[in-house]
Amino acid sequence: MVEERSCDISVIIPVYDEESNVPLLYPKLKNVLDKLGKNYEIVYIDDGSRDNTFNELSRLHAQDNRVRVIRFSTNFGKSAAYAAGFRFAIGDVIITMDGDLQDDPEDIPLLLGKIKEGNDLVVGWKYEGRGPKSKSIPSWLFNKVTPLLTRMKIHDMNCPFKGYRKHVAKNLADKIYGELYRYLPLIARNRGYRIEEVKVRNLPRQYGQSKYGVSKFLKGFLDFLTILFLTRFTMSPLYFFGTIGLISTLIGGTIVLLLYIQKFFFGINVGNYMPLFTLSILMVIFGVQFISIGLLGEMIVQKDRAHADDYTIETILK
Ligand code: UDP
Ligand code: MG
């Protein structure tokens, strides 16, 4: 008989060179989970660690059959780790947290409570101070700018401590790559899921090193443009490119027209306005190109059947 694998809670933890943290986090986590009186599993994703992390995880796996370990062949990053974890996990609720003891397992019941209230995704909010300045400033900026651009009122979108209903996590698994894991709530929002946030503690890192420096934020910002574009305009690229293209063509075209009217009716040489003339011709060329890109985009969307599931059905009454 094939046993249907399922449990109440899966905790997903990406770890990359966290040998000193693994043995410390496990007992704390187990303590909290045991108290809940539910079935659970802990899924570690070893993201290509080069230290002793995998051995530590194997040891946990040997002593506790609720510990599962996915080991990547090399360092693929957090998006890949989450995607693998989401696909593998069998819990009705899926919790993600970091493996460096910066998230406090004691906060897990808070996340579960919000899910129980009927939310599909619960995002932790580390409202207390952050780590070193080099990171707290970019992260403060990130947290200020993102809500403005996305019109989404989440304080700490990138907080690793989150809770997902199973179907939400399964759905998101196919959508994350690069640095996009930072924007999971945004992707979820655009799919119409109910999202709530809850304040969680922010503990300092004691062992091992942070894997993220300031440079990641640039990559992160470029991915942000991707997500903004993909979530707003994937199905209608012509709206995006065409609007810019049309405005540019219209302004450029009008100026060129005015210059020629001047020439034919008043004999004023177009050459007198050379810089303006050049600029408006450029605007026309630029505009036509943008419209063409938009049309090409529309053709790609037409061909790409992968978008067939780009909606979320909540209920069907039959
Ligand atoms: N991590 C990972 N793959 C990476 C980088 C980080 O799995 O390529 C893990 C890391 O081991 C930790 C979590 O992701 O459990 C958060 O990383 P880190 O603490 O370095 O980030 P920070 O908290 O400094 O933003
Ligand atoms: Mg950390």
Side-chain angles (χ1 to χ4, degrees), residues 10-26 28-29 42-58 60 67-89 94-105 107-108 123-143 146 155-162 169 173 176-185 200-221 223-224:
S10 299
V11 181
I12 296 180
I13 310 176
V15 280
Y16 177 40
D17 289 349
E18 304 284 2
E19 57 181 5
S20 357
N21 290 315
V22 168
L24 296 176
L25 175 59
Y26 171 73
K28 292 189 184 190
L29 189 56
I42 306 176
V43 183
Y44 289 97
I45 292 94
D46 179 3
D47 188 11
S49 297
R50 297 149 304 179
D51 65 358
N52 218 18
T53 298
F54 183 70
N55 293 336
E56 292 292 341
L57 294 175
S58 310
L60 295 182
V67 171
R68 323 204 196 278
V69 182
I70 299 175
R71 185 189 199 181
F72 279 174
S73 54
T74 184
N75 179 237
F76 285 110
K78 247 177 146 179
S79 283
Y82 282 148
F86 287 165
R87 290 191 181 117
F88 184 87
I94 295 177
I95 304 275
T96 58
M97 66 189 294
D98 277 356
D100 57 359
L101 296 171
Q102 289 196 260
D103 303 320
D104 190 342
D107 286 333
I108 287 180
V123 185
W125 170 18
K126 299 194 173 181
Y127 61 104
E128 290 161 327
R130 298 217 142 217
K133 271 274 176 315
S134 65
K135 283 181 62 176
S136 59
I137 292 174
S139 129
W140 176 83
L141 203 67
F142 175 94
N143 284 331
T146 316
H155 289 89
D156 198 2
M157 176 154 342
N158 187 22
C159 179
F161 216 176
K162 295 191 177 82
I176 38 178
Y177 55 88
E179 300 289 300
L180 289 191
Y181 71 87
R182 294 176 193 279
Y183 305 105
L184 282 171
V200 294
R201 268 156 283 198
N202 183 21
L203 309 173
R205 191 188 247 281
Q206 285 174 322
Y207 306 98
Q209 278 182 345
S210 169
K211 315 306 180 294
Y212 295 105
V214 184
S215 67
K216 286 263 175 174
F217 276 89
L218 180 66
K219 252 173 93 187
F221 180 70
D223 279 322
F224 177 64

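Atoms within each ligand, like the ligands themselves, are counted from 1 in listed order.
Proximity of Asn75 to ligand 1, defined as any heavy-atom pair under 4.0 Å, is confined to the side chain (atoms from C-beta onward). Within the 4.0 Å heavy-atom criterion, the part of Glu18 lying near ligand 1 is the side chain and not the backbone. Counting heavy atoms closer than 4.0 Å to ligand 1, residue Ser210 contributes atoms from both its backbone and its side chain.
With salt bridges taken as basic N to acidic carboxylate O contacts below 4.0 Å, none links Lys211 and Asp98. Taking the charged nitrogens against the carboxylate oxygens, Asp103 and Lys126 do have a contact shorter than 4.0 Å, which makes a salt bridge. Salt bridge present: Arg50 and Asp17 bring a charged side-chain N and a carboxylate O closer than 4.0 Å.
In this view, Arg205 and Glu18, Asp100 satisfy the side chain to side chain donor-acceptor pair (under 3.5 Å) rule, not counting sequence neighbours. A search for ring-ring contact (aromatic ring centres under 6.0 Å, His included) contacts involving Phe54 returns nothing, not counting sequence neighbours.
With respect to Tyr44, the side-chain contact (heavy atoms from CB on, under 4.5 Å) criterion is satisfied by exactly one of Val11, Leu60, Ile12: Leu60.
Note: Trp125 and His155 have parallel aromatic rings, judged against thresholds of 30 and 60 degrees for the angle between ring planes.
Less than 4.0 angstrom separates some heavy atom of Val15 from each of these atoms of ligand 1: 7 (O), 11 (O). Within the listing of ligand 1, atoms 18 (P), 19 (O), 20 (O) sit less than 4.0 angstrom from a heavy atom of Arg205. Which parts of ligand 1 touch Gln102 is read off a 4.0 Å heavy-atom cut-off, strictly below it: atoms 19 (O), 23 (O). Those atoms of ligand 1 that come under 4.0 Å of a heavy atom in Lys211, given as number and element, are 5 (C), 6 (C), 18 (P), 20 (O). The Asp47 neighbourhood of ligand 1 comprises atoms 2 (C), 3 (N), 4 (C), 7 (O), 8 (O), with distances under 4.0 Å to a heavy atom of that residue.
Using a cut-off of 2.8 Å, one finds that Ser210 contributes no N/O/S atom close to the Mg ion (ligand 2).
Looking at ligand 1, you won't find any N or O of Ile45 less than 3.5 Å from one of its N or O atoms. Between Gln209 and ligand 1, a contact under 3.5 Å exists for no N or O pair. Taking only nitrogen or oxygen atoms, main chain and side chain alike, Pro14 reaches within less than 3.5 Å of ligand 1.
The main-chain N or O of Tyr207 is found under 3.5 Å from a side-chain atom of Asn21 such that the two form a donor-acceptor pair. Asp51 places a side-chain N or O within donor-acceptor distance of the main-chain N or O of Glu19, the cut-off being under 3.5 Å. When atom types are taken as modelled, the side chain of Lys162 and the backbone of Met157 share a donor-acceptor pair closer than 3.5 angstrom.
The Mg ion (ligand 2) is closest to atom OD2 of Asp100 (considering only N, O or S atoms).
Heavy-atom distances between Gly77 and ligand 1 reach below 4.0 Å in at least one pair.
Of the candidates Tyr44, Tyr16, Tyr181, it is Tyr16 that places a heavy atom closest to atom 2 (C) of ligand 1.
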